[in-house]
Amino acid sequence: MNNDDRIDEVVNEMASDYNAPPAVQRDLMWERIQAARKVTPLPVRRGVPTWATWGVGLAAMLAIGIGIGRMKRETTTSPVATTMTAPTDSAATRVAIPNAEVPDSQTASQTVAPRAKTPGPARSDRDDQVAVAEGTKTPSVETSVTAARSGWRGNRPANSDAAALPYRLAALQHMTRVEALLTSYEAEAKAGRQDDQMQAWSKDLLSTTRLLMDSPAGRDPKLRPLLEDLELVLAQIQQATSSHGRTSDREMVVDGMEKRGVLPRLRTAIPAGPSAGI
Amino acid sequence: MDQHQLIARVLAGDPAAERQLYDDHVDRVYRLAFRMAGDDDLAQEFTQETFIRAFSRLRDFRGDAALSTWLHSIALSVCLNGLRKSKRFRTREVDLEIHGAGAETPEKRSDPMLKQKLHRAIDSLAERYRVVFLMHDVEGYTHDEIGEVLSVPAGTSKARLSRARAKLRETLSNLAGEWVS
């Protein structure tokens, strides 16, 4: 046996102690997993579009916002400009509602929405938005191209934007909760106090942040940097509020938040009013 | 119940099936997370995050690989991303030559010291080598499993392991004479 083999033997023998894991706390972790999943429940095959399970509230907000947009369009000569921007990834259109049926091929003159009674891109575009609100079908990108060619003026939401709306709304709701935690944490840390609930709270919000980063909302070039910073801050808060946390750790977290301007950016991203995110 | 039946029941919303899926895989996922992180809080967080993501994406699992492979792929991604974020807990790569791997006098060498040096040497490995070393030599994954988890050929896993071992030998080689005599 040469030296290399002998060293390999020693290495393998001693490496078994490298970061040797303790007993697995199965039940504790399961409880936390279940608690986090209550925010984003497992999709269930019930013939209902997957994202409809996110909550009636999100669908209601979307329907109200689109309804307001339709009313304004009907009562004004020019379309109402919206603040929505098309997502950079058109694939987001296709994955917004996983159970939705997306036709295999599309032509510029074809309408996708099943409820469109009269041909015409503008009408089909409106019906597409209704379809999204009702969660029946996902309009394709080609339909939005058709609508654009109709000459409809104004910055109206593209179909891909409508499909990504539930994700953005969820992101905005989530950021509201994160703002609440960060504001509380900053106040507690500056007062030299530590709330024992912060660790569990930050863990839950961290899990949701990471899920949003993996969703179409995470592909939004405006949201992504903020979500990444939130992920980092929440992970740091979690560490600082653990049993090993020290005052200096909490101060470091607050300093980092202030340097990166997390709270001001968060509050800017959360618009006020009932049409937030639409 | 086979894998496909279990997944079907989980997707149908069966809580017992969800728990069974978790119980079947949590030990190995947690062990991998702990080996990577070296910290119980982090390992638990990574494990929890792995299963949260897995349950949310289970519908997308095509079944062309083993469920365990898919889960470990998610776990590894979560661990590596999480460790990059938690910079405080990352052990910086150190130049063991500078830190005296060869400067120890024989009187100061002992098994605990040797083990500590080895652990530091493992810490200092580049991520791609450390992952393969921990999965294969420490946790017992096969090269085929590692290849599927990392989405690389099994040959690449072998090459990386070989490289990892070579680096560990190189770093500790000045002590080899005393160990094996």
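The shown structure was predicted, so the numbers you read here are calculated from the model rather than taken from an experiment. Naming convention: chains lettered A, B, ... in sequence-line order (proteins, then strands); numbering from 1 in each chain.
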Trainee: Name, in order of residue number, those residues of residues 19-34 of chain B that have a heavy atom at a distance of less than 4.5 Å from a heavy atom in chain A; otherwise write 'none'.
Mentor: B/R19, B/Y22, B/D23, B/V26, B/D27, B/Y30, B/R31, B/F34
Trainee: Does the separation of the ring centres of A/Y18 and B/H119 fall below 6.0 angstrom?
Mentor: yes
Trainee: Under the salt bridge (charged side-chain N to carboxylate O under 4.0 Å, His left out) criterion, do A/R37 and B/E18 qualify, and how do the steps go?
Mentor: CA-CA 12 Å; A/R37 288 177 63 209; B/E18 291 178 0; 3.1 Å; yes
Trainee: Can you find a heavy atom in the side chain of A/I237 that is under 4.5 Å from one in the side chain of A/L182?
Mentor: yes
Trainee: Against chain B, label A/S207 side chain, backbone, both or neither, depending on which of its atoms sit under 4.5 Å from a heavy atom there.
Mentor: both
Trainee: Under 4.0 Å between a Lys/Arg side-chain N and an Asp/Glu carboxylate O for A/R32 and A/D204?
Mentor: no
Trainee: Is the shortest distance from a Lys or Arg side-chain nitrogen in B/R62 or B/D64 to a carboxylate oxygen in the other one below 4.0 Å?
Mentor: yes
Trainee: Is a side-chain donor or acceptor of B/S162 paired with a backbone partner of B/K158 at a separation under 3.5 angstrom?
Mentor: no
Trainee: For A/N12, is it the side chain, the backbone, both, or neither that has a heavy atom closer than 4.5 Å to a heavy atom of chain B?
Mentor: side chain
Trainee: On a heavy-atom basis, which atom in A/E258 and which in A/E186 lie closest, and how many Å separate them?
Mentor: OE2-OE2, 3.6 Å
Trainee: Go through the atoms of B/E49 and report whether side chain, backbone, both or neither lie under 4.5 Å from a heavy atom of chain A.
Mentor: side chain
Trainee: Identify whether the distance between the nearest side-chain nitrogen and carboxylate oxygen of B/E170 and B/R163 falls below 4.0 Å.
Mentor: no
Trainee: Which bit of A/E228 comes within less than 4.5 Å of chain B, counting heavy atoms only: side chain, backbone, both or neither?
Mentor: both
Trainee: Please identify, among B/E45, B/E139, B/R165, the residue contributing the most non-hydrogen atom pairs under 4.5 Å to chain A.
Mentor: B/E45
